[in-house]
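Just the heavy atoms: all of them, side chains too, but no hydrogens, waters or symmetry mates, feed the values below.
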Amino acid sequence: MSERKAILENVFRHEYGKIIAVLVNRFGASNLEKIEDAVQDALVKAMQVWAFKEVPENPTAWLIKVAYNKIIDAFRKEAKVVMNDFETTDDLIDEPTTLSLKEHISDSQLKMIFACCHPSLSVEYQLVLSLKLIGGFGNREIAKVLLKKEATVAKSFTRARAKLKEEIKTLDIPIEIGLQSRLFVVMRVIYLLFSEGYAPHSGELIVRKDVCYEAIRLALLLQENKYCKHQNLDALIALMCFHVARFDARIDHKEQLVDLAHQDRSKYNQELINIGIFHLGSSGAIDRQPSNYYLQAMVSYYHCIAKTFEETEWGTILELYDLQLQQQYSPIVQLNRIVPYLQVHGAHKALKEIKVFEKSPHFIKNTLYHAIKAEILTDLGRLEDAKIALNNAIERCANPLQEKHLLGKLHVLTS
């Protein structure tokens, strides 16, 4: 039963956006609420049926068919549409092959992501719609990703959905100029999807691999379109590949989180690193101002190629963080910058840097801040102060695996 529950959770999380996209492509954005309700009903039915019967060989196709039939039933009850427009059930719904379904989903998702990023929608609406309908995120997850209140996200989604229904009648991939004008918003959506998968704000996993791989898949799907080929897209793909390459080293055989200093670098995926290097080279940032994606990819690249923690090119990484802050300030980037700063300049100067951050109007007392401060204080031998910082980090931690890791560090200081 636990195995089936895991399969259910994976399908619901990973396939929700795909199913929504296929059905919106079929029935139009004007029926979005019906589609959402039908998909939710299909997921509930799956929970009831699959708990006692074998999970279908193609669970996505099963869910699409059930949701499709529920939408048709809703139309029949309302008797407001000409059913001939929809009742011809194509091969995708009846007997889908793996290839035809994959191609149909890819086409529908590409159309859906560009619809969510339509220029008539505000940036906030674009992000909320994309994270909800493509990423399958709940309001609470979106609120944490966008640093907004959950109630605000719920209202934004309701308004954004109404605007989408008003503006988008059919899903079509825009061509050339129209497509290129939305590309940067689409890339930001993919980046947010990946970031939430790589460092989830909630849940028991330190990495949600399905979300990360889905983000990479969408980016590669974009790149297949000749009008989407862009240096920033290559840089984004490189960034994601370098991060994914280190997945297996982040968790040890006891399912414990491993920090960067103690990771087994033989577990780094060299094939993914090579793919990342290829896309990094294709991003061609040498003769122009590097994008934020490129700078982040370079940071991850140097972590990937370092033979040991001590041999990491910390000075270069620090320079890359400085460039990021010059281009676009972020309190998270300022905090992360202190990590290479500590390695380059030592604990005394790093403590001064963190005190500068504390005086900043953008100062945030999150888990990351307290964890970095604890590391600096430990290096200075101020163990009691380090314990206080670790306790503060633990209090603010929403991830059980990360919390256990921090508790382990606290145990070392107290023993």
Side-chain angles (χ1 to χ4, degrees), residues 106 109-119 121-124 126-127 129-131 134-135 145-146 173-199 211-246 272-305 316-317 319-330 332-333 336-337:
S106 294
Q109 277 198 293
L110 191 58
K111 290 178 180 179
M112 190 69 190
I113 196 169
F114 277 101
C116 289
C117 296
H118 194 278
L121 303 170
S122 69
V123 173
E124 179 184 348
Q126 291 172 345
L127 293 175
L129 282 170
S130 298
L131 293 173
I134 298 165
V145 169
L146 300 182
I173 299 177
I175 59 172
E176 200 161 357
I177 296 175
L179 187 148
Q180 291 173 348
S181 67
R182 301 185 211 179
L183 181 60
F184 288 93
V185 180
V186 172
M187 283 193 289
R188 185 182 174 191
V189 168
I190 291 173
Y191 175 74
L192 288 174
L193 284 172
F194 183 85
S195 298
E196 176 59 18
Y198 191 74
V211 177
C212 291
Y213 284 121
E214 178 65 8
I216 293 175
R217 191 186 71 83
L218 288 172
L220 292 172
L221 186 62
L222 278 181
Q223 200 183 49
E224 291 176 6
N225 188 298
K226 64 180 179 180
Y227 298 119
C228 287
K229 292 186 182 298
H230 194 281
Q231 292 170 325
N232 283 351
L233 182 56
D234 273 306
L236 177 58
I237 293 171
L239 165 64
M240 294 189 291
C241 285
F242 290 143
H243 278 319
V244 171
R246 295 184 281 148
L272 279 169
I273 292 172
N274 291 336
I275 293 172
I277 290 172
F278 170 80
H279 284 283
L280 192 63
S282 299
S283 67
I286 297 174
D287 298 323
R288 64 181 177 83
Q289 184 177 9
S291 69
N292 189 46
Y293 297 132
Y294 179 84
L295 293 173
Q296 289 188 58
M298 286 298 295
V299 169
S300 191
Y301 163 76
Y302 281 112
H303 284 308
C304 282
I305 65 170
T316 303
I317 290 175
E319 291 174 4
L320 290 166
Y321 274 114
D322 287 338
L323 284 172
Q324 285 185 58
L325 288 173
Q326 288 172 21
Q327 287 193 13
Q328 184 178 357
Y329 176 80
S330 162
I332 300 299
V333 173
N336 279 315
R337 173 186 173 274

Search all heavy atoms of [X] against all heavy atoms of [Y] and return the closest pair with its distance.
X	Y	result
His243	Ser300	ND1-OG, 3.6 Å
Arg188	Val123	NH1-CG1, 3.6 Å
Ser330	Leu325	O-CD2, 3.8 Å
Ala238	Gly276	CB-O, 3.3 Å

Are more than 12 heavy atoms, taken from residues, nucleotides or ligands other than Tyr301, located less than 6.0 Å from that residue's OH atom? no

Check against side-chain contact (heavy atoms from CB on, under 4.5 Å), Cys117 and Leu121: CA-CA 7 Å; Cys117 296; Leu121 303 170; over 6 Å; no

Between the main-chain N or O of Leu280 and the side-chain N or O of Ser283, is there a donor-acceptor pair closer than 3.5 Å? yes

Hey, does the side chain of Gln324 reach the backbone of Asn292 with a donor-acceptor pair shorter than 3.5 angstrom? no

Would you say the ring centroid of His303 lies under 6.0 angstrom from that of Phe242? no

Please determine whether side-chain contact (heavy atoms from CB on, under 4.5 Å) holds for the pair Asn232 and Leu183, giving the CA-CA distance in whole Å, both sets of side-chain angles, and the decisive distance to 0.1 Å. CA-CA 10 Å; Asn232 283 351; Leu183 181 60; over 6 Å; no

Measure the [atom1]-[atom2] distance between [X] and [Y] for me, rounded to the nearest 0.5 Å.
X	Y	atom1	atom2	answer
Gln231	Tyr293	CD	OH	14.5 Å
Gln326	Leu295	CD	CG	9.5 Å
Met187	Ile237	CE	CD1	9.5 Å
Asn336	Tyr321	CG	OH	4.5 Å
Ser291	His230	OG	NE2	8.5 Å
Ile216	Cys241	CD1	SG	5.0 Å

With heavy-atom distances below 4.5 Å as the criterion, would you say the side chains of [X] and [Y] are in contact?
X	Y	value
Leu193	Glu214	no
Cys116	Val189	no
Leu320	Tyr302	yes
His279	Leu239	no
Leu218	Leu222	no

Who pairs with Arg246 by salt bridge (charged side-chain N to carboxylate O under 4.0 Å, His left out), at least two apart in sequence or on another chain? none

Kindly write out the residues that satisfy side-chain hydrogen bond (donor to acceptor under 3.5 Å, both in side chains) with Arg337, not counting sequence neighbours, or none if the list is empty. Asp322, Glu353

Only counting residues at least two apart or in another chain, list the ones meeting side chain to side chain contact (heavy atoms under 4.5 Å, CB included) with Phe278. Ser282

